[in-house]
Amino acid sequence: MKKKGLMIGGICLAVVAGILGYNHEAVRVVFHNVYSPSVKLDESTEWDGGNSYEKLQYSEVSENDYLDLYVPDSDEPMPLIVMVHGGGFVFNDSQSRQAQLMYRYFRDHGYACASINYRLAQEAAFPTGVEDVKSAIRFLRANAEKYGYDPERFAIWGESAGGYLSVICGASNDEEFNSVPFIGEDENNPVSSEVQVILNYYGCMEFGTQAADYKELKIPKVVQWASGLWLTDAIKDTGYNDVESYWMRKDVNTLTQEEKDTYSPLYYIQKNLTPENSPSVLIWHGDADLSVPYLQSERLNELLTEQIGADKVEYKLFHNYKHAADQLYSDENLGTLKEYLDTKLAK
């Protein structure tokens, strides 16, 4: 039996190697997914540069509606970065690896950082994740004076599924996705969930288009299948074929146009944003991404450029970077990101 398993595995490996052997683009992408440099994450959680508030509840709707807030010592209120973790709507929390790489850098470079926890698909379907994040933003703005950051200088950053949440939160208006009350909302005048900057790292913008995008990018189906096993396993007993359908509790392939609009960040960009009334937007994506095809970021960039103007949008495609690549969180790249934020959030 063992020999038979080894034989089958060897045959499968040979088939995959044969397919990739005639597809140089797929070979490049797979290679840079397997051999991707890592940034060492310090195991120490101690920080003496300011005040930390971990698992700070922003809403009473769910015990998972909390955030981790880090405010550096400063004589003046500083800008705040609201951080939204990824994980395909089914994994991770406010202390995800990518969130830690972000807040550890920026809290040491003069920015307050709030890493948001929100309800995952296992607990509640769309639009709860969006509503949770917008509730957290309102909570943070209402409590800016209490904690010591500037309520008029908010950026929202998200990666992967968090990128989707960040864009849809930043593009929707105050009347949309506002049904989750934040703690203390009754004692405050209406509080806005607007942000001044959106930072989208390799976010999923369109559901149901992934297969077509990867076909255009010449990525074989077997590679797509293998790269998506981590998500497929998470939903194997849910009755849904993909994580987007599970999160929405609807088959993405059968959505009406009205339903597609409801779930689409692109729809809210077209509906709400203008050159005079929009945040600045930065988009970063890797061209070896096997979880979210970079064509989605290209189309997002094209739409935003048309909708709000090229001067408010910045798009960069990183050669040979995989999905959630640690290189995006190197000191060099985060330094570039800080320069961008310093400019966009200057007083």
- Task: Could you tell me whether a side-chain N or O of S135 sits under 3.5 Å from a main-chain N or O of E131, the two making a donor and an acceptor?
- Result: no
- Could you identify which residues cluster with V180, counting Ile, Leu, Val, Met, Phe, Trp and Tyr as linked when any side-chain heavy atoms lie under 4.5 Å apart, either directly or through a chain of such contacts? V61
- Task: Compare all side-chain heavy atoms of R153 with those of K347 and state whether any distance is below 4.5 angstrom.
- Result: yes
- Message: If I take atom CG from residue L69 and atom OH from residue Y103, how far apart are they, to the nearest 0.5 angstrom?
- Response: 11.5 Å
- Query: Can any side-chain N or O of K312 pair as donor or acceptor with the backbone N or O of S278 at less than 3.5 Å?
  - Reply: yes
- Message: Is it the case that the side chain of N253 and the backbone of G208 share a donor-acceptor pair, with hydrogens and angles ignored and the cut-off at 3.5 Å?
- Response: no
- Query: Are side-chain heavy atoms of Y105 and Y329 found at a separation under 4.5 Å?
  - Reply: no
- Item | Heavy-atom neighbours of Q257 CD exceed 12 at 6.0 Å | yes
- Message: Name the residue from I137, D132, I183 that meets the side-chain contact (heavy atoms from CB on, under 4.5 Å) definition with Y58.
- Response: D132
- Item | Parallel, tilted or perpendicular, as decided by the 30° and 60° cut-offs, for the rings of Y321 and F318 | parallel
- R249 vs Y240 side-chain heavy atoms within contact, under 4.5 Å: yes
- Can a donor-acceptor pair be found between the side chains of Y66 and E54 at a distance below 3.5 Å? no
- Query: Considering residues, nucleotides and ligands other than E25, do more than 12 of their heavy atoms fall under 6.0 Å from its CD?
  - Reply: yes
- Task: Taking all heavy atoms of A142 and all of N188, pick out the closest pair and write down the distance.
- Result: CB-OD1, 3.9 Å
- So do W247 and Y263 actually touch side chain to side chain, heavy atoms under 4.5 Å? no
- Salt-bridged, K271 to E176, with N to O below 4.0 Å? yes
- Is a side-chain donor or acceptor of R97 paired with a backbone partner of D326 at a separation under 3.5 angstrom? no
- Message: Does E259 have more than 12 heavy atoms from other residues, nucleotides or ligands lying within 6.0 Å of its CD?
- Response: yes
- Verify same cluster id: I235, V252 (apolar side-chain graph, 4.5 Å): no
- Query: When clusters are formed by joining ILVMFWY residues with side-chain heavy atoms under 4.5 Å apart, either directly or through shared neighbours, do I198 and L140 land in the same one?
  - Reply: yes
- Message: Minimum heavy-atom separation for P279 and V195, please, with both atom names.
- Response: CB-O, 3.5 Å
- Item | Side-chain donor/acceptor of Q196 to backbone N/O of K344, under 3.5 Å | no
- Any link between F139 and I156 through a network of hydrophobic side chains (Ile, Leu, Val, Met, Phe, Trp, Tyr) touching at under 4.5 Å? yes
- Only pairs at least two apart or in different chains count here, so list each salt bridge (charged side-chain N to carboxylate O under 4.0 Å, His left out) that has a residue in residues 214-225. none
- Run the salt-bridge test on R299 and E302 with the 4.0 Å N-O cut-off and return the result as yes or no. no
- Item | For the student: nearest non-hydrogen atoms of Q98 and Y202, plus distance | CG-OH, 3.9 Å
- Message: We want to know whether D174 and S192 form a side-chain donor-acceptor pair, criterion being a heavy-atom distance below 3.5 angstrom.
- Response: yes
- S193 side chain near F177 side chain, heavy-atom distance below 4.5 Å: no
- Message: Please tell me whether W225 and L231 are part of a single hydrophobic cluster in this structure, the criterion being side-chain heavy atoms less than 4.5 Å apart.
- Response: no
- Message: Hydrophobic clustering (ILVMFWY, side-chain heavy atoms < 4.5 Å, transitive) - are Y214 and L317 grouped together?
- Response: yes
- Item | N/O donor-acceptor pair under 3.5 Å between Q210 side chain and P293 backbone | no
- Query: Of all heavy-atom pairs between E159 and A324, which one has the smallest distance, and what is that distance?
  - Reply: OE1-CB, 4.3 Å
Identify every side-chain donor-acceptor pair in residues 334-341 under 3.5 Å, counting partners at least two apart or on other chains, and give the distances.
unit_1 : atom_1 : unit_2 : atom_2 : d
T336   : OG1    : E332   : O      : 3.2
K338   : NZ     : D342   : OD2    : 2.7

- Message: Is it the case that the side chain of S245 and the backbone of K250 share a donor-acceptor pair, with hydrogens and angles ignored and the cut-off at 3.5 Å?
- Response: yes
- Does a sphere of radius 6.0 Å around CD in E187 hold more than 12 heavy atoms from other residues, nucleotides or ligands, not counting ones at 6.0 Å or beyond? yes
- Message: With a 4.5 Å cut-off on side-chain heavy atoms, are D150 and L80 touching?
- Response: no
- Message: Any non-hydrogen side-chain atom of V292 less than 4.5 Å from a side-chain atom of H323?
- Response: yes
- Tell me, with the steps shown, if W284 and N333 meet side-chain contact (heavy atoms from CB on, under 4.5 Å). CA-CA 10 Å; W284 280 5; N333 280 327; 4.1 Å; yes
- Judged by modelled atom types alone, do S62 and D65 share a side-chain donor-acceptor pair under 3.5 Å? no
- Task: Give the intermediate values and the outcome of side-chain contact (heavy atoms from CB on, under 4.5 Å) for residues L41 and R104.
- Result: CA-CA 10 Å; L41 187 61; R104 289 184 183 207; 4.0 Å; yes
- Query: Quick check: does any side chain N or O of Y201 sit under 3.5 Å from a backbone N or O of G162, one acting as donor and the other as acceptor?
  - Reply: no
- Item | Sidechain-backbone polar pair: Q100 side chain, Q95 backbone, donor-acceptor under 3.5 Å | yes
- Query: Backbone N or O of L290 within a donor-acceptor pair of the S227 side chain at under 3.5 Å?
  - Reply: yes
- D251 atom CG: more than 12 heavy-atom contacts under 6.0 Å: yes
- Message: Please find the pair of heavy atoms, one from Y294 and one from D287, that lie closest to each other, and give the distance.
- Response: CD2-CA, 3.6 Å
- Item | Euclidean distance, D311 CG relative to S280 OG, rounded to 0.5 Å | 8.0 Å
- Heavy-atom side-chain contact between S166 and N200 under 4.5 Å: no
- Query: Should I269 and V167 be marked as a side-chain contact (heavy atoms from CB on, under 4.5 Å) after you check the CA-CA gap, both sets of side-chain angles, and the distance that decides it?
  - Reply: CA-CA 9 Å; I269 289 170; V167 173; 4.0 Å; yes
- Query: Which pair of non-hydrogen atoms, one from D261 and one from Y268, has the smallest distance, and what is that distance?
  - Reply: O-CE1, 3.7 Å
- Query: With a 6.0 Å cut-off on ring centres, are Y118 and H85 close enough?
  - Reply: yes
- Task: Before giving the answer on side-chain contact (heavy atoms from CB on, under 4.5 Å), spell out for L255 and F207 the whole-Å C-alpha distance, their side-chain angles and the decisive distance to 0.1 Å.
- Result: CA-CA 10 Å; L255 297 179; F207 298 155; 5.5 Å; no
- Would you kindly check if the NZ (Lys) or CZ (Arg) of R138 is within the cone defined by 45 degrees around the ring axis of F182 and under 6.0 Å from the six-membered ring centre? no
